[in-house]
Protein chains: 2
Amino acid sequence: MTAEDNKGPARQGGAARRRLQMADVARLAGVSVSTVSRALSGSELVNPETRERIAALARELNYSINLGAKNLRLQRSHIIGVVIPYDAASRQHITDPFFLSMLGGLADAITDRGYDMLLSRVDAENLDAAARLVDSGLAVGVVLIGQWRHHDQLNMLAARKLPIVVWGAQLPQQLYCTVGGDNLLGGRVATAHLLAQGRRRIVFLGDPQLPEVERRLEGYRAAHAAAGVAVHNELLLAVPFEADAARSTIGQLMASGVAFDAVLGCSDLLAITAIRELRERGTEVPREVAVVGYDDMPLAQYCDPPLSSVHQPVSEAGVQLVDALLALLRGEAVPPRMLDVELVVRRSSSA
Amino acid sequence: MTAEDNKGPARQGGAARRRLQMADVARLAGVSVSTVSRALSGSELVNPETRERIAALARELNYSINLGAKNLRLQRSHIIGVVIPYDAASRQHITDPFFLSMLGGLADAITDRGYDMLLSRVDAENLDAAARLVDSGLAVGVVLIGQWRHHDQLNMLAARKLPIVVWGAQLPQQLYCTVGGDNLLGGRVATAHLLAQGRRRIVFLGDPQLPEVERRLEGYRAAHAAAGVAVHNELLLAVPFEADAARSTIGQLMASGVAFDAVLGCSDLLAITAIRELRERGTEVPREVAVVGYDDMPLAQYCDPPLSSVHQPVSEAGVQLVDALLALLRGEAVPPRMLDVELVVRRSSSA
DNA sequence: ATGAAAGCGCTAACAC
DNA sequence: GTGTTAGCGCTTTCAT
């Protein structure tokens, strides 16, 4: 091992070894760096034998190409940024299992396509930070999970030509590309199912200020209309995606004496919380109140009673989000995509 | 806007705009690139007025420094790799909520320290891929979640001086740094609690081939010993962290007529699955069988009955893992760290 | 206080 | 088929 010179900026602290570079491999192989470069990228230009010899040497040395240098030269990176906005006030954790699941799906999809995934939490009020990922050349584009109320900000980012795809609902005059579940359908089938069970006073649990929830509420109304059943506004409960809020809201509703015989929660967490609160107050699920959740996380089938829920295709979502982004990067016009959802009926809503 | 030359390699496809660079800012500000560089890094060398003027200009132009170039020059990156090994055979999703939660904690900790987080799924049988992240200069170090049975492989990576920190149990002759919950303690307090409730035949649900589970089992034994209660080997059920496996294993146990009055599951998922299976077969929880889980995920408190569980400090874990890695990078010797766990008693295990 | 120039590790013309 | 060379966009001596 020749460890000749050691000029250049300060090296990384203790645990790090001098990083091998292409020149080292070239020297050891007795060829030039260009040949190594070509060999390692599988170029046809280099003699097959030489290529194999170099590849073997590189492997043996545990050499891997410096991606920073490569990307700088090539003017591109292979990193996709995944951004989950957080509420700066509470600085709270990513807590909803749905987001977390999504992450899993995205990680797989991104890896499969030969990219790496950079996960970034950014202040929801300052989504410009997402643009930084791209402006700095770190990532080629951004997948944003959590449309929330940031439609306008997202539009501004898209206007700046930031390659971005958002998980969420399609909105009028939207400049950015969305991929999302069919919320109208989801809300409708869940509600129709409850109506078909003879339920007539169905609580809707979710904040319709959020575009996705708003669509689900529309589905809820549509199902009522189709069945000729009136919607009761006092059953529309605008709670955020938080267990505590759901709990106290349901509690208040019960205390206030408003009657209801079903609950449609806009997430499994909301639905499960509702079930718990109902039981705590002596109400039987599903006999007295049927409950349907949304997202169909794995836990839905393992809770008690197993929770009926509108299944969102998380893996598929990951794939679609990534593919949409890559298409965007190729300069294609990418229309919003809507993914099929499906009601999975379990015991929480059926006799 | 002068858009002078456009030489150099192919530019990114359609959606991308020509990326602004320091030279542009310099030209617009009427100074040299060195001055811009200095101004943007807050150097004292540059005139405060100039500095502010340049900063304002950069902000206005939405300019951000090209991190690839910067890092290449500086010989370091600000990315921490987070690796979750997957089983190549099943190619399965990250499914356990605990892992996912951990991701949230890590994302926060990494962001707080001014790093970015690169999430990477690698084949569990080929953890060398984790080393690539560092060898390629992409990441400065790796946090690996999922020690599984890969102790030897991890040791090899550490022997290669890869800066790596692993979430898991401390093992003899371990070359790599671990951060983990106090599994011995967790197993002990959970078991002691059940014994204190008068339970005498406690099922242990978890695969002791995994180091963490093995420690928990030791705790289980220790608690028994301390209480002078015999351990029954037929109650030690080596199931992996999968709901289906747990379900069928519990089912078989019940079918086989082996008596038991409590279950200690090594994850909340396992415990919840057990509860469900028990109820399905007409056994009351907690009256006939008390159940305690592990991890204390948010869902534990919202399932029915609320699940007693050994709480793992997920946020704290993220912080400790990252801090350990950074210490490693500074060349410090970092001893394994063990985090306190705490039993949270809920209705699933108390009358 | 500011500028000129070298070079981080790589790829791709362009020579041979 | 292989080597030489010129940058990719930055930071940082070194000069002024």
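- Sequence order on DNA chain D of the closest nucleotides to T35(B) and G68(B) puts G68(B) first from the 5' end.
- Distances shown here put a side-chain N or O of Q75(B) below 4.0 Å from the OP1 or OP2 atom of dG9(C).
- One atom, CZ of R19(A), and another, P of dC10(C), lie 10 Å apart when rounded to the nearest Å.
- Partners of S41(B) by side-chain hydrogen bond (donor to acceptor under 3.5 Å, both in side chains), not counting sequence neighbours: none found.
- Under the side-chain hydrogen bond (donor to acceptor under 3.5 Å, both in side chains) criterion, R113(B) pairs with D323(B), not counting sequence neighbours.
- For dG9(C), neither phosphate oxygen OP1 nor OP2 lies less than 4.0 angstrom from any side-chain nitrogen or oxygen of Y63(A).
- A donor-acceptor pair shorter than 3.5 Å cannot be found between the side chains of N66(B) and R19(B).
- Residue side chain S32(B) does not reach the base of dA4(C) through any donor-acceptor N/O pair under 3.5 Å, judged by distance alone.
- A heavy-atom distance below 4.5 Å is found between the side chains of N155(B) and H151(B).
- Residue-level contact check: I65(A) touches the backbone only, with heavy atoms under 4.0 Å from sugar-phosphate atoms and none from bases.
- With hydrogens and angles ignored, a donor-acceptor pair closer than 3.5 Å exists between the side chain of S34(A) and the base of dT4(D).
- Looking at residues two or more places apart in sequence or on another chain, you find a side-chain hydrogen bond (donor to acceptor under 3.5 Å, both in side chains) between R337(A) and Q320(A).
- For DNA chain D, the residues of residues 38-49 of chain A within the heavy-atom distance limit of 4.0 Å (strictly under) are R38(A), L45(A), V46(A), N47(A), sorted by number.
- We find that NZ of K70(A) is positioned 18 Å from C1' of dG7(D), with the value rounded to whole Å.
- Annotation: salt bridge (charged side-chain N to carboxylate O under 4.0 Å, His left out) contacts of R53(A) (sequence neighbours excluded): none.
- Distance from the side chain of N66(A) is smallest for dC10(C) among the nucleotides dC10(C), dG3(C), dC10(D).
- Close to dT2(C), at under 4.0 Å from its OP1 or OP2, lies a side-chain N or O of T50(B).
- Rotation axes derived from the C1' atoms of the five outermost pairs at either end of the helix from dA1(C)-dT16(D) to dC16(C)-dG1(D) lie 40° apart, to the nearest 10°.
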